[in-house]
Amino acid sequence: ILLGRAAALAVDPLFFYALSIGRAGRPCMYMDAGLAAAVTALRTAADVAHLAHVLVQFRLAYVSRESLVVGCGKLVWDPRAIAAHYARSLKGLCFDLFVILPIPQIIFWLVIPKLIREEQVKLIMTILLLIFVLQFLPKVYHSIYIMRKMQKVTGYIFGTVWWGFGLNLFAYFIASHIAGGCWYVLAIQRVASCLQSECEINNNCNLMSLACSKEMCFHFPWSSDMTALACDTNLTSFSQQNVPACLSGNGAFAYGIYKGALPVISSNSLAVKILYPIFWGLMTLSLYESIGSTFGNDLEPTSNWLEVIFSIINVLSGLMLFTLLIGNIQVFLHAVLARKRKMQLRFRDMEWWMRRRQLPSRLRQRVRKYERERWAAITGDEEMEMIKDLPEGLRRDIKRYLCLELVKQVPLFHGMDELILDNICDRLRPLVFCGGEKVIREGDPVQRMVFVLQGKLRSTQPLTKGVVAECVLGAGSFLGDELLSWCLRRPFVDRLPASSATFECVEAAQAFCLDAPDLRYITEHFRYKFANDKLKRTARYYSSNWRTWAAVNVQLAWRRYRARMMATAVLPPPPAGAAGPEDGDRRLRHYAAMFMSLRPHDHLE
């Protein structure tokens, strides 16, 4: 409905361009009936669309004012009460019907042709300006009222920033369209005044008529054939020698701000008639800062009182529109660029802090790298901060929607109940790691269990001097399984377990984590689910610690097998200084005792 009212506002000023002076090279006035018919059809279609809005209001429930005294108000659903309220309302039925009265259609088809024949130019301009004041301005107020009514109910008009930007830009365009239309009509009056003064000077007013032989021209803009009802002109631009002084502006008559409209009002091009006044309105209502330029810098009016008043209205309207509409556009642009501006401010503050604390360049590079990758991952929006103040049920459903599929990708959580998965999703936190950074070091307390979504991590676990076990964790893997064992241990020990390996990012990674208190909460409330053989086998299979221990055992078994095979074979005597079979067996037993001591101790049994 709001867009329909905006279209109706854009249609009404088009009626002004149906009047022209300069038919067949003669300074006479006529009405372009083809353009008037097209505008009438558009205006009628917009009014019919608004009638649908009127019919809806007879069935649209409203909030009773009496019920607003206590509580949030009560909706009235009775159809008769709704219709009576709408009919009695000051801004209801009467106002809605007033703004769609076909006043311009009646004036242009019944009154204007008669006044053209009678050469009542000033009366024509007066009527057009009265139509503008008495109906068009109420239509503007009606559109604003509908917009504010929508905003009062929903809190906003359009859901996106770009819609708000376009709405304000369109309002500025409508204002320029109105100013251009009034400028065009008043220019016709000035031309008529010039012709009247010329005939008085030459004493030939009785021989000269301001009305053309046919006061209405039915040549449609898209029609190329010349019919009997078409204008008796070749529809080409007039040559300079045939244009009277009043149409060329070369005479002594002072046109003031209307001099630029002289080529427009006598032009046969519909595009020129409509677009150039709009351009003039944009130039007049706009503000651009330069030396000596202000609002209305192109307005140089004469001493004509109507021209001076029109110039004052343009200047004040330009000031108001620039303050309101362009200010709103700047707000919308700021909202669009706010995320980028937030990133720039964070980077600037971080750079200032690093310079103040005199961090070495190596650490500065690591900070910059992390900030860039973090921003690329979350695009500046802290999701958990945005939803933390929502009601608990709504927040749980949102986090379930965001995290459930990710949680199900973790093999450790396969086969879990929906209730457990909901509690896990509600307590997850997103994490971002950049390449080369250590997630946790060997020996550090394990404060969270991390589940990898994207990227790769490397686990390094020293076995003995010069021997290091390595493995790579990809999407679906997890680390910090010592924390799960710690939560299930009985009797419970408050001291956090130490990490048995060092985890380092090979490339940028995204993950989510469960902090130690949250994991303890889940395992204590759903201990029955964490104490089964299937979960124990899954946890051990995907645990980097258990995989390292299994790899050590496979190596040990292989070396023991090789030792037995070599013992049964016929071997040459060892060279001097070489280790004998007893020494090799002793070293093998030493390695076996050391490797077996690496067996992870979980409490899943």
(message) Going by the rule ring pair (Phe, Tyr, Trp, His ring centres under 6.0 Å), which residues pair with Y17 if we only count those two or more places apart in sequence or in a different chain?
(response) Y184

(request) Could you tell me which residues satisfy ring pair (Phe, Tyr, Trp, His ring centres under 6.0 Å) with H85, sequence neighbours excluded, listed by chain and number? (result) Y62

Would you compute the distance between atom [atom1] of [X] and atom [atom2] of [Y] and round it to the nearest 0.5 angstrom?
| X | Y | atom1 | atom2 | result |
| --- | --- | --- | --- | --- |
| R190 | W183 | CZ | CH2 | 13.5 Å |
| I107 | I124 | CD1 | CD1 | 11.0 Å |
| I112 | I106 | CD1 | CD1 | 12.5 Å |
| R348 | Q344 | CZ | CD | 9.5 Å |
| I144 | K149 | CD1 | NZ | 15.5 Å |
| F58 | I82 | CZ | CD1 | 11.5 Å |

(request) Could you check whether the rings of H53 and H50 sit parallel, tilted or perpendicular, using 30° and 60° as the cut-offs? (result) tilted

[X] versus [Y], closest heavy-atom pair with distance:
| X | Y | answer |
| --- | --- | --- |
| I188 | M125 | CG2-CE, 3.4 Å |
| S311 | I257 | OG-CD1, 3.7 Å |
| E307 | G256 | OE2-CA, 3.2 Å |
| R5 | A46 | NH1-O, 3.8 Å |
| F170 | A6 | CE2-CB, 3.2 Å |
| P13 | A10 | CD-O, 3.7 Å |

(request) Answer yes or no: is there a side-chain heavy-atom contact under 4.5 Å between I127 and L115? (result) yes

(message) Between W280 and N314, is there a side-chain heavy-atom distance shorter than 4.5 Å?
(response) yes

Applying side chain to side chain donor-acceptor pair (under 3.5 Å), can you list everything that pairs with [X], at least two apart in sequence or on another chain?
| X | answer |
| --- | --- |
| W353 | none |
| K91 | Y141 |
| S143 | none |
| Y370 | none |

(request) For the residue pair T40 and W109, confirm or rule out a side-chain donor-acceptor distance under 3.5 Å. (result) yes

For [X], give me all partners under side-chain contact (heavy atoms from CB on, under 4.5 Å), at least two apart in sequence or on another chain.
| X | answer |
| --- | --- |
| L394 | L390, P391, I398 |
| A508 | E373 |
| V39 | V11, L14, F15, L35 |

Just list the side-chain donor-acceptor pairs under 3.5 Å for residues 92-105, sequence neighbours left out, or say none.
| from | atom 1 | to | atom 2 | distance (Å) |
| --- | --- | --- | --- | --- |
| D96 | OD1 | H142 | NE2 | 2.5 |
| D96 | OD2 | Y86 | OH | 2.5 |

(request) Would you please name every residue forming a salt bridge (Lys or Arg N to Asp or Glu O under 4.0 Å) with K399, sequence neighbours left out? (result) none

(request) Quick one: list whatever passes salt bridge (Lys or Arg N to Asp or Glu O under 4.0 Å) with R364, sequence neighbours left out. (result) none

(request) Taking Y172 for its side chain and L285 for its backbone only, find out whether a donor-acceptor pair lies under 3.5 Å. (result) yes

